Peer 1: 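Below is a structure I'd like to ask you about.
Proteins get letters first, then strands, A, B, ... in listed order; numbering begins at 1 in each. Because the structure is predicted, anything quoted here is derived from the model rather than measured.
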There are 2 protein chains.
Amino acid sequence: MQDYRYQSLHQFLKSQILHGVYEDGDLLPSENELSQFHKLTRTTVRQALSELQKEGYIVKQKGKGSIVNIRRKRLGLLSFKGFSEVIGHSDQKVSNTVLSGPLLQNWPKDFFYDLNALEKSARCIYLKRIRSVNTDPVMLEETYLPNQNLEGLIGKKLIKGSLFSTLILQYQIEVNSMDQDVRAIKANAHLAKTLSLNENDPVLHIYRKYGTSRPGYFIYSSLYFNTENYAIGSYFK
Amino acid sequence: MQDYRYQSLHQFLKSQILHGVYEDGDLLPSENELSQFHKLTRTTVRQALSELQKEGYIVKQKGKGSIVNIRRKRLGLLSFKGFSEVIGHSDQKVSNTVLSGPLLQNWPKDFFYDLNALEKSARCIYLKRIRSVNTDPVMLEETYLPNQNLEGLIGKKLIKGSLFSTLILQYQIEVNSMDQDVRAIKANAHLAKTLSLNENDPVLHIYRKYGTSRPGYFIYSSLYFNTENYAIGSYFK
DNA sequence: GAGTGGTCTAGACCACCTG
DNA sequence: AGGTGGTCTAGACCACTCG
C-alpha cells in the first residue's frame, strides 16, 4: 500500500488540510506549483487532486484553483427540516448533548448486527447522545465502537463535539461507507420520555453500520427520531 | 456541450450499453482497441471509461477488462431486509403492481414540494404502484412527473415494469440525484387497508425529489412503507 | 507469455477567471 | 495578460489475469 506517487501526494495534502495548514475556502497550491515542488507531472498531481475531490476535501474551479472544503459533503449526513420553513433556508440551531461519555462496556446481548470474532473478543466503547433543534429533543443516538487500538478515547471529550472528527484526527480512522436499515416503530415509555412524545407515537428508527478506512473496522449506531415537527432530510448523488 | 472527445466516446458507449449491444457481464473492447478504433489516446479513452465507472455502468478489473454492469449501483435504491434472514442473503421475491397507470391529471393542492412556474403550467403524470415481498404489500408509491416532452408515456406500459428504465430508454432522462425527507407517521384508514396494517400503526413515509440529466426537470414521489416485518435497507459510499 | 488495466512522464493547446 | 484548471497527445513501464 501507499506505493504510488499520486497516493503519497494525496495523503500529504489530506493531512495538511486536516491539520489546519489550509483552512476552509483557502486555495491549494496550483497544479503547476505542486508538480514543480514534488517533482511530478501535472497528470500525476491531477490524479491526487481528483482523489481529494472525490472525498470532498476540495472543490475545483476552472481559472481559479482548488478550493479547500472543510464542511465537506458527508455520507448521507442528516439535516433537520422544519415543516413550516422554506426548504433550504433558515438553518435550525442544532445542539448536541452527550448523555453517557465514551464508556468501556460489554456488547449488549442480541446486538443488532452480527459481530465477527475479533469484534466480540474486544469489548465496546459506548456513547449515548441527544441532538436537539431549538431545545426540542429530536434524535437519540447510541453508538458502539469495537475497542481496538483506540487508546485514550474512553472518558475523553470529543473534538469539536464530534465523534467522526475525533476519530480522523486522533486515530486516522475515516468513515467512508454506510449500511442502514430504517423502520417506523412505536415509542416505548423510555423513548417517549427522552424524545418528548407520548407512548405508542410513531418513531423513526435506524440501525447503521459504518465502514471505515481501517480495513475490517466498523462502527455501529442505533438512532431514534421524533419526526413530529422535523423531517429527516438527506441528499444523494 | 458535448464538445469533447471523451464525452462523445462516453455517450457512444453508454448508448451501446443501454441498447443492449453489450449485456450484463460482457467485456467492453479493451482500452487499446478503443483508442485505435476511435483514433484517440489511451488517456482520453480512460477518461471516458472513468465517467462510465462513476455512473456505475462498468466495473474495471486489472488484467481483465471493463465489465458491463446493468444492475448497477443506483441512487439509494431500496432493498427489503427480513428480520429473520441473514443479512445479505436469500433475496426476497419482490413484485410490482401498477394500481393506476401513467395518467394525466392536475397537480394535487398543497403539493409536498414547491413547484416552479414551468412545472405548474404543465399538468402532471401520475402513477400509483405497490411493491410486495412474498405477497405481503410493503410499499405504496405515488409518483408525479411534470408533463414536459413526455409524449406517449400516458397510458403506456412501462419497460420491464420500471419507470426509470422507461425514462432513460424512451426519453434519455437519467435520474442522477435525490433529495428526500423521511418521517414516521400513523397509518390512516386508507394506508392501513392498503398496507395490511391497523389504523394508527407506525408507517415510514418518504417524500422524494429526483434530479435528472435534463436540466430543470425533476420527478416527485411519495412513499409509504409497512416496516413491521421488513426493514428498508440502503447502502452508501 | 500475451493482453489487460494502472501508473507516470513531457510535452501542447484551450477555456475560464482575475487584476 | 498571466495564471488556473480542462482536454489531449505519444509514448513508457508495471501489476495483474488467464490460457
Side-chain angles (χ1 to χ4, degrees), chain A residues 1-14 16-17 21-69 72-73 176 213 215, chain B residues 1-14 16-17 21-69 72-73 213 215 237:
Chain A
M1 265 307 142
Q2 194 62 21
D3 280 320
Y4 295 111
R5 311 236 230 173
Y6 81 92
Q7 289 174 335
S8 302
L9 179 57
H10 170 216
Q11 290 305 327
F12 174 76
L13 291 172
K14 190 200 287 195
Q16 297 221 6
I17 292 172
V21 177
Y22 302 102
E23 306 200 351
D24 198 68
D26 283 0
L27 290 177
L28 288 188
S30 77
E31 297 179 354
N32 283 317
E33 286 169 341
L34 286 172
S35 55
Q36 281 170 36
F37 185 77
H38 295 275
K39 312 258 184 257
L40 297 169
T41 325
R42 227 187 106 207
T43 312
T44 306
V45 170
R46 282 178 62 76
Q47 201 176 348
L49 292 178
S50 164
E51 295 293 315
L52 284 177
Q53 194 177 20
K54 268 192 229 165
E55 296 173 331
Y57 284 100
I58 61 169
V59 173
K60 288 184 164 202
Q61 203 174 313
K62 199 195 291 198
K64 197 153 182 214
S66 301
I67 304 161
V68 173
N69 179 226
R72 60 193 226 270
K73 173 142 299 163
N176 54 28
S213 52
Chain B
M1 268 301 145
Q2 195 63 20
D3 280 322
Y4 296 112
R5 311 236 231 171
Y6 81 92
Q7 289 174 336
S8 303
L9 179 56
H10 170 214
Q11 291 304 328
F12 174 75
L13 291 172
K14 190 199 286 194
Q16 296 221 359
I17 292 171
V21 178
Y22 303 103
E23 305 200 352
D24 197 69
D26 284 358
L27 290 177
L28 287 188
S30 76
E31 297 180 353
N32 283 317
E33 286 170 339
L34 286 172
S35 55
Q36 280 170 36
F37 186 77
H38 294 275
K39 312 258 185 257
L40 297 169
T41 325
R42 229 187 105 207
T43 313
T44 306
V45 171
R46 283 177 62 76
Q47 200 176 350
L49 293 179
S50 164
E51 295 292 315
L52 284 177
Q53 193 176 22
K54 268 192 231 164
E55 296 173 331
Y57 284 100
I58 61 170
V59 174
K60 288 186 166 200
Q61 201 174 316
K62 198 195 292 199
K64 199 158 181 207
S66 300
I67 304 161
V68 173
N69 180 224
R72 59 195 226 271
K73 172 143 296 164
S213 53
K237 68 174 184 180

Peer 1: Report the distance from atom NE2 of B:His10 to atom C1' of D:dC8, rounded to the nearest whole Å.
Peer 2: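 Atom-to-atom, B:His10 to D:dC8, this comes out as 18 Å.
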
Peer 1: To the nearest 0.5 Å, tell me how far A:Tyr57 OH sits from A:His10 NE2.
Peer 2: 7.5 Å

Peer 1: Report the distance from atom CG of B:Asn32 to atom CZ of B:Phe37, rounding to the nearest 0.5 Å.
Peer 2: 15.0 Å

Peer 1: Does B:Glu33 reach the side chain of B:Gln36, with side-chain heavy atoms less than 4.5 Å apart?
Peer 2: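 Answer no - side chains too far apart.
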
Peer 1: Any side-chain N or O of B:Ser30 less than 4.0 Å from the OP1 or OP2 oxygen of C:dT4?
Peer 2: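 Result: yes.
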
Peer 1: Can you name the residues that form a side-chain contact (heavy atoms from CB on, under 4.5 Å) with B:Gln53, not counting sequence neighbours?
Peer 2: B:Ile58, B:Lys60

Peer 1: Nearest whole angstrom, please: distance from the P of C:dA2 to the CG of B:Asn32.
Peer 2: 15 Å

Peer 1: Mind checking side-chain contact (heavy atoms from CB on, under 4.5 Å) for A:Ile67 and listing every partner two or more places apart, or none if nothing turns up?
Peer 2: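 Partners of A:Ile67 under the side-chain contact (heavy atoms from CB on, under 4.5 Å) test: A:Leu27, A:Gln61.
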
Peer 1: What is the separation between atom NZ on B:Lys60 and atom C1' on C:dG3, rounded to the nearest whole Å?
Peer 2: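 My rounded result for the distance is 15 Å.
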
Peer 1: At what angle, to 10 degrees, do the two end axes of the helix from C:dG1-D:dC18 to C:dT18-D:dA1 meet, given five pairs define each axis?
Peer 2: 10°

Peer 1: Take atom CD of A:Glu31 and atom P of D:dG3, then tell me their distance rounded to the nearest Å.
Peer 2: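 Going from CD in A:Glu31 over to P in D:dG3 covers 15 Å.
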
Peer 1: Base, sugar-phosphate, or nothing: which does B:Arg5 touch, judged by heavy atoms less than 4.0 Å apart?
Peer 2: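 If one applies the 4.0 Å heavy-atom cut-off, B:Arg5 turns out to touch the sugar-phosphate alone, with no base involved.
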
Peer 1: Round to a whole Å and report the spacing from CG of B:Leu34 to P of C:dG3.
Peer 2: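 My rounded result for the distance is 16 Å.
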
Peer 1: Could you state the CD-P distance from A:Glu51 to C:dC8, rounded to the nearest angstrom?
Peer 2: 11 Å

Peer 1: If you compare every side-chain N and O of A:Ser66 against the phosphate oxygens of D:dG5 (OP1, OP2), does one of them come in below 4.0 Å?
Peer 2: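 So the side-chain polar atoms of A:Ser66 do come within 4.0 Å of the phosphate oxygens OP1 or OP2 of D:dG5, strictly under.
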
Peer 1: Nearest whole Å is fine: how far is C:dC8 P from A:Leu9 CG?
Peer 2: 10 Å

Peer 1: What string of B, S and - do you get for nucleotides 10-19 of chain C 5' to 3' if you count protein non-hydrogen atoms under 4.0 Å?
Peer 2: B-B--BBSS-

Peer 1: Residues two or more places apart in sequence or in another chain: which of them pass ring-ring contact (aromatic ring centres under 6.0 Å, His included) with A:Phe12?
Peer 2: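 A:Phe12 satisfies ring-ring contact (aromatic ring centres under 6.0 Å, His included) with A:His38 once adjacent residues are dropped.
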
Peer 1: Just the rounded figure in Å: distance from P of D:dT9 to NZ of B:Lys39.
Peer 2: 12 Å

Peer 1: Find the distance between OG (A:Ser66) and CG (A:Leu34) and round it off to the nearest 0.5 Å.
Peer 2: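 Atom-to-atom, A:Ser66:OG and A:Leu34:CG are 8.0 Å apart.
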
Peer 1: Enter the distance from A:Asn69:CG to A:Ile17:CD1 here, rounded to the nearest 0.5 Å.
Peer 2: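 CD1 of A:Ile17 is found 9.0 Å from CG of A:Asn69.
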
Peer 1: Under 3.5 Å, side-chain donor or acceptor atoms of residues 44-52 of chain B against the rest of the protein: list the pairs with distances, not counting sequence neighbours.
Peer 2:
residue, atom, partner, partner atom, Å
B:Arg46, NH1, B:Glu31, OE1, 3.4
B:Arg46, NH1, B:Glu31, OE2, 3.1
B:Glu51, OE2, B:Lys54, NZ, 3.4

